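Throughout, protein chains are lettered first and strands after them, A, B, ... in sequence-line order, and every chain is numbered starting at 1. Being a predicted model, the structure only gives us computed values, none of them experimental.
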There are 2 protein chains.
Amino acid sequence: MTTQATTGQVLVTAQDLRAALSAILVGHQVPSDQAEVIAELLAEADLRGVDSHGAHLMSMYASRLADGHLTPRTTVTTLADNGSAVVLDGGLGFGQIAGLEAAKLVSARAAEHGVAAVAVRETTHLGALGAYTARVAAEGRICLCVQNGPTFVPPFGGITPLMSTNPLSYAIPAGEEPTIVYDIATTAVAGNKLLLAKKRGDPTIPPGWANDTSGRPTTDTQAASVRHLQWFGGHKGFGLALLVELLAGVLAGSSFGTTERTASPLHGDARIAKGVVFIAIDPERFAQREVFTAAVDTLIREIRGSEPAVGVDRIWLPGEPEHERQKARSRDGIPLSPVLVDELRRLAAAVGAPPLRVRAGDDTAPGGA
Amino acid sequence: MTTQATTGQVLVTAQDLRAALSAILVGHQVPSDQAEVIAELLAEADLRGVDSHGAHLMSMYASRLADGHLTPRTTVTTLADNGSAVVLDGGLGFGQIAGLEAAKLVSARAAEHGVAAVAVRETTHLGALGAYTARVAAEGRICLCVQNGPTFVPPFGGITPLMSTNPLSYAIPAGEEPTIVYDIATTAVAGNKLLLAKKRGDPTIPPGWANDTSGRPTTDTQAASVRHLQWFGGHKGFGLALLVELLAGVLAGSSFGTTERTASPLHGDARIAKGVVFIAIDPERFAQREVFTAAVDTLIREIRGSEPAVGVDRIWLPGEPEHERQKARSRDGIPLSPVLVDELRRLAAAVGAPPLRVRAGDDTAPGGA
């Protein structure tokens, strides 16, 4: 896989992107050590090609910081510690800080107890959950993570918005193969994908993306409502979203459905408070580490080596496309749209931070400084 | 919900069905205490309307017992016990016996440690996984269960059969509301559903059920192959099936993909050995029990009370249709097809066991004794 900047795109290095993002955060009174961590996770998402969870998010964070809804200095407190079960409070600070602390904790507690769960309430946007589960897997543990949020998706068969896109991620350590990292929304697609289709004027969307405002299935892009996203696989995906809501919302002591359990004044579909639950298992309690990771490698290779269906080029494991893109973009640079580069420069200018450096010759952004 | 025997159907009581099933098992040298447990779980599936996992399975069990592939007396041994993490061996006996033992154990260990996982290798067919997770939830614990099996489903995008329908179940204790019980195959449908459509001569099947033998998507019933079942929701369902294979196969030390780790001579798509993993969480480590179960009730009622979409009669929680059917069939009797009644009588006669009793006046089965 190679990275090619399509016409008008700008190539940046991960290092430069991290520096620019960190400077904007510091300009909003985020402590520099925390700013670096947040910037690292955002740049990592762009490196892995998960652009929806990368630098693109900075404008949302900046506006929440400016409005006083997001606490610049994240303080994570422990509400309950029962060894293998811990409840943390993220104090409405950055989800990246609370998420990484929870991931480190669940990994350590799984090492100690064999199986562990860590819940976080009162945290906010975490970006891609796979970033956290992958880090736990890198320490040799199996990790699951679920997260709930604002209410804009109705239950299967209904039209009252009660849940979020309720993502679910898991990661499994392999031996020589890359870590398996699964990271999905339990809705068929994210709301942004439908909004983009509307903006582009696409006449139709695939069946199952979203219903109309009466809850009727539709493939008409304009009739489809972003407040009527559908669950992937119908009732089966809905049942998973419900599990996410029950763990990340109910069990973690966070808001769930229309029940608000947050100090934030932002409620319902404007809610920024999120609940998260991590579960980790130490495979060494079940088998020797080498036996386990070798078997994971065997299964990965068998799946990758499966005969492809007619018209299929390659069979991918979860997380493998992102892993390949990370290698390519680390080498070639991260392609950003001129609009995004412009946005990041405006965000930097607003707080007197230095602008994003782009590679010489690649800076074709209309808003280039 | 009321139970009505459609033309030709036979009504039986759960008690009579249990007695008949147990007698057949005892006739095959299954110890009577174990036979009663197995019969109870099978009759429970029929009571709940999960007919595919009920008395209908007895003919498969009887044939496996007769062929010496299924051990009549199930002996469950402990291979590793690390407190919150336990590995059991089901000795190629009945999955119901090993499954219930594992469920009891994971519940007790979650009570003791907060979070626990129990793996079972070398077990066989367990019936509906929801029966086990529901029992753990009845003791107040959150429970997840996954199971793998014979290789007849290819990975997403491939045509080499490597996995089973890899089911996943969870159950969550509620307060006054019925337990939430989710129990799905990670394939879009079970193979039986496609075979039935072929038998009926249905011209088409819904998109996404199965591909043709080249792995091309199809809605042509005759072209669709039962060895090319598709995962629910495409790559998202495939990723869940992979998690199931990694836990129930790799982690539990069971067979996975084409790697056989079983004493049974039945391999690949004929494999009867199954791996299972239970994970349980005690919600009391996170919140007071009453606070947790009251919040679960609130979410259940909110979902059920959501405004239904046009054309939708009622919004169901996972496990709710089965719960309603169980109430109705406990009162009115279980409707069985004459073919099944006939089959059960032949199975009983073959081992000199008393035949299934049916209600007076309802016995319209062509094979009625």
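Among A/Pro318, A/Gly257, A/Ala295, A/Gly114, the residue with the largest count of heavy-atom pairs under 4.5 Å with chain B is A/Ala295. Heavy-atom pairs under 4.5 Å with chain A were tallied for B/Met163, B/His228, B/Arg216, B/Arg261; the largest tally goes to B/Arg216. With chain A as the partner, the residue from B/Glu245, B/Arg285, B/Glu307 showing the most heavy-atom pairs under 4.5 Å is B/Glu307. In terms of heavy-atom pairs under 4.5 Å with chain B, the best-connected choice from A/Leu299, A/Leu243, A/Leu162 is A/Leu243. Of the listed residues A/Asp282, A/Thr213, A/Leu251, the one with more heavy-atom pairs under 4.5 angstrom with chain B than any other is A/Leu251. Interface summary for chain A: among B/Gly83, B/Ala117, B/Gly249, the most heavy-atom pairs under 4.5 angstrom belong to B/Ala117. Of the listed residues A/Leu144, A/Thr186, A/Leu79, A/Ile184, the one with more heavy-atom pairs under 4.5 angstrom with chain B than any other is A/Ile184. Interface summary for chain A: among B/Gly215, B/Gly158, B/Gly311, B/Gly305, the most heavy-atom pairs under 4.5 angstrom belong to B/Gly158. The candidate with the highest count of non-hydrogen atom pairs below 4.5 Å against chain B, out of A/Gly233, A/Gly157, A/Pro308, is A/Gly157. In terms of heavy-atom pairs under 4.5 angstrom with chain A, the leader among B/Gly239, B/Ala287, B/Pro283 is B/Gly239.
Of all heavy-atom pairs between B/Trp316 and A/Phe238, the closest is O-CE2, 3.9 Å. Nearest heavy atoms, A/Phe286 versus B/Val87: CD2-CG2, 3.5 Å. Contact record, B/Phe292 with A/Leu246: CE1-O, 4.5 Å, taken as the closest heavy-atom pair. Heavy atoms only, all atoms of each residue included: B/Tyr182 and A/Leu240 are closest at OH-CG, 3.5 Å.
Counting only heavy atoms from C-beta outward, the side chains of A/Phe256 and B/Thr298 approach each other to under 4.5 Å. Looking at heavy atoms from C-beta onward, B/Leu242 lies in side-chain contact with A/Leu317 at the 4.5 angstrom threshold.
Contact annotation for A/Ala116: only backbone heavy atoms (N, CA, C, O) come within less than 4.5 Å of a heavy atom of chain B. When heavy atoms are compared at a cutoff of 4.5 Å, A/Ile281 approaches chain B solely by way of its side chain, counted from C-beta outward. For B/Phe156, the part lying under 4.5 angstrom from a heavy atom of chain A is the backbone only. Of the atoms belonging to B/Val296, heavy atoms from both backbone and side chain fall under 4.5 Å from chain A. Neither the backbone nor the side chain of B/Pro154 comes within contact range of chain A; no heavy atoms are under 4.5 Å apart. Proximity to chain A (any heavy atom under 4.5 Å) is shown, for B/Val115, by both the backbone and the side chain.
Here the side chain of B/Glu302 pairs a donor or acceptor atom with the backbone of A/Thr258 at under 3.5 angstrom. Checked by atom type and distance alone, the side chain of A/Lys236 pairs as donor or acceptor with a backbone atom of B/Ala185 at under 3.5 Å. Without hydrogens or angle criteria, B/Ser306 side chain to A/Pro155 main chain gives no donor-acceptor distance under 3.5 Å. Side chain of B/Ser214 to main chain of A/Val310: no donor-acceptor pair is present (N/O by atom type, distance under 3.5 Å, no hydrogens or angles).
Residues of residues 167-179 of chain A lying under 4.5 angstrom from chain B, judged on non-hydrogen atoms, are A/Leu168, A/Tyr170, A/Ile172 by number.
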